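Nothing here was measured: the structure is a model prediction, and the numbers come from that model. The chain is numbered in sequence order, starting from 1.
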Amino acid sequence: MDVLRIGMLGIAGVMLALQFKSNRPEYGLYIGFAVSLMIFTFIVSGLASLFGSMGIMETYIGSDRTYFAILLKVIGITYICEFCSGICRDAGYASVSGQIEIFGKLSVLAAGMPILLAIIESIQEIAG
């Protein structure tokens with residue numbers, strides 16, 4: 001039901017922003033930004049159930065929380081960069097949007113480096 005509500009909120013926001021786009025384009029941008037923030041708050045409120053599920057998965061895997069911390073960091077980086085990139089793209093700043101996306105990709109790569117190193121170490125232990 002939340003997906004339907006979010007979809008309807010997005011469509012209503014876009015339709016309202018389109019009404020202002022021809023006469024006052026800055027109002028359309030503000031409306032799009034406000035709708036994006038409202039949808040983002042729904043996403044953040046849904047993270048509580050995600051944390052609960054991750055807690056259950058953690059009991060199966062063990063007490064090492066490092067991988068879950070990295071996973072949460074990567075998810076956060078991805079959502080924030082996508083959100084900011086979309087707003088910049090809607091405002092007409094595609095080059096800034098592209099740079100935010102590149103920064104997000106590099107940040108995800110840097111955040112995932114400990115996992116890659118752990119996999120390489122495991123392979124070396126098995127092979128050696």
Side-chain angles (χ1 to χ4, degrees):
M1 224 30 177
D2 285 338
V3 174
L4 182 62
R5 192 176 338 168
I6 297 298
M8 296 303 285
L9 175 66
I11 291 172
V14 167
M15 295 301 224
L16 186 62
L18 284 174
Q19 295 298 317
F20 289 103
K21 193 156 188 135
S22 61
N23 295 335
R24 301 294 299 238
E26 66 273 8
Y27 288 163
L29 180 65
Y30 298 147
I31 291 169
F33 183 69
V35 170
S36 296
L37 280 178
M38 286 191 286
I39 292 172
F40 190 72
T41 58
F42 280 112
I43 292 170
V44 170
S45 66
L47 287 177
S49 64
L50 177 68
F51 289 143
S53 298
M54 289 186 73
I56 294 170
M57 287 190 320
E58 184 179 355
T59 60
Y60 292 125
I61 292 176
S63 63
D64 190 15
R65 295 180 179 220
T66 307
Y67 298 121
F68 286 111
I70 292 171
L71 178 64
L72 289 176
K73 188 184 293 186
V74 167
I75 290 170
I77 290 169
T78 305
Y79 279 136
I80 291 170
C81 288
E82 185 68 27
F83 179 74
C84 295
S85 172
I87 289 174
C88 290
R89 189 177 301 111
D90 287 346
Y93 293 96
S95 61
V96 175
S97 171
Q99 294 301 314
I100 291 172
E101 289 174 357
I102 290 171
F103 177 76
K105 291 172 185 174
L106 290 174
S107 297
V108 166
L109 180 65
M113 198 57 69
I115 295 174
L116 180 61
L117 292 174
I119 291 171
I120 291 172
E121 287 176 11
S122 297
I123 292 172
Q124 283 182 340
E125 287 176 8
I126 292 171

query: Does Met38 belong to the same Ile/Leu/Val/Met/Phe/Trp/Tyr cluster as Ile43, with side-chain heavy atoms less than 4.5 Å apart forming each link?
result: yes
_Hydrophobic cluster membership, with links at side-chain heavy-atom distances under 4.5 Å among I/L/V/M/F/W/Y: are Ile6 and Val35 in one?_
yes
With clusters defined by side-chain heavy atoms of hydrophobic residues (ILVMFWY) lying less than 4.5 Å apart, directly or transitively, does Leu9 cluster with Ile11? no
Residues passing the side-chain hydrogen bond (donor to acceptor under 3.5 Å, both in side chains) test with Ser97, sequence neighbours excluded, are Ser85, Arg89
List the steps and the verdict of side chain to side chain contact (heavy atoms under 4.5 Å, CB included) for Leu37 and Phe83. CA-CA 9 Å; Leu37 280 178; Phe83 179 74; 3.7 Å; yes
dist Glu101:CD -> Cys84:SG (nearest 0.5 Å) comes out at 11.0 Å
Tightest non-hydrogen contact, residues Val96 and Cys88, listed as CG1-SG, 3.9 Å
Do Leu29 and Leu18 share a hydrophobic cluster, counting only Ile, Leu, Val, Met, Phe, Trp and Tyr and linking them when any side-chain heavy atoms are less than 4.5 Å apart?
no
Tell me, please, whether Tyr27 has Arg24 positioned over its six-membered ring: NZ or CZ under 6.0 Å from the ring centre and within 45 degrees of its axis? yes
- Query: Do the side chains of Ile39 and Tyr30 join up, straight or via other hydrophobic residues, at under 4.5 Å, putting them in one cluster?
  - Reply: yes
Looking only at heavy atoms, the pair that brings Cys81 and Ile100 closest together is O-CG2, 3.5 Å
Any side-chain heavy atom of Phe20 within less than 4.5 Å of one from Ile31? yes
With sequence neighbours left out, the residues meeting side chain to side chain contact (heavy atoms under 4.5 Å, CB included) with Ile115 are Tyr67, Ile70, Ile119
query: Above 12 or not: heavy atoms from other molecules or residues under 6.0 Å from CZ of Phe103?
result: no
By salt bridge (charged side-chain N to carboxylate O under 4.0 Å, His left out), Glu121 pairs with (sequence neighbours left out) none
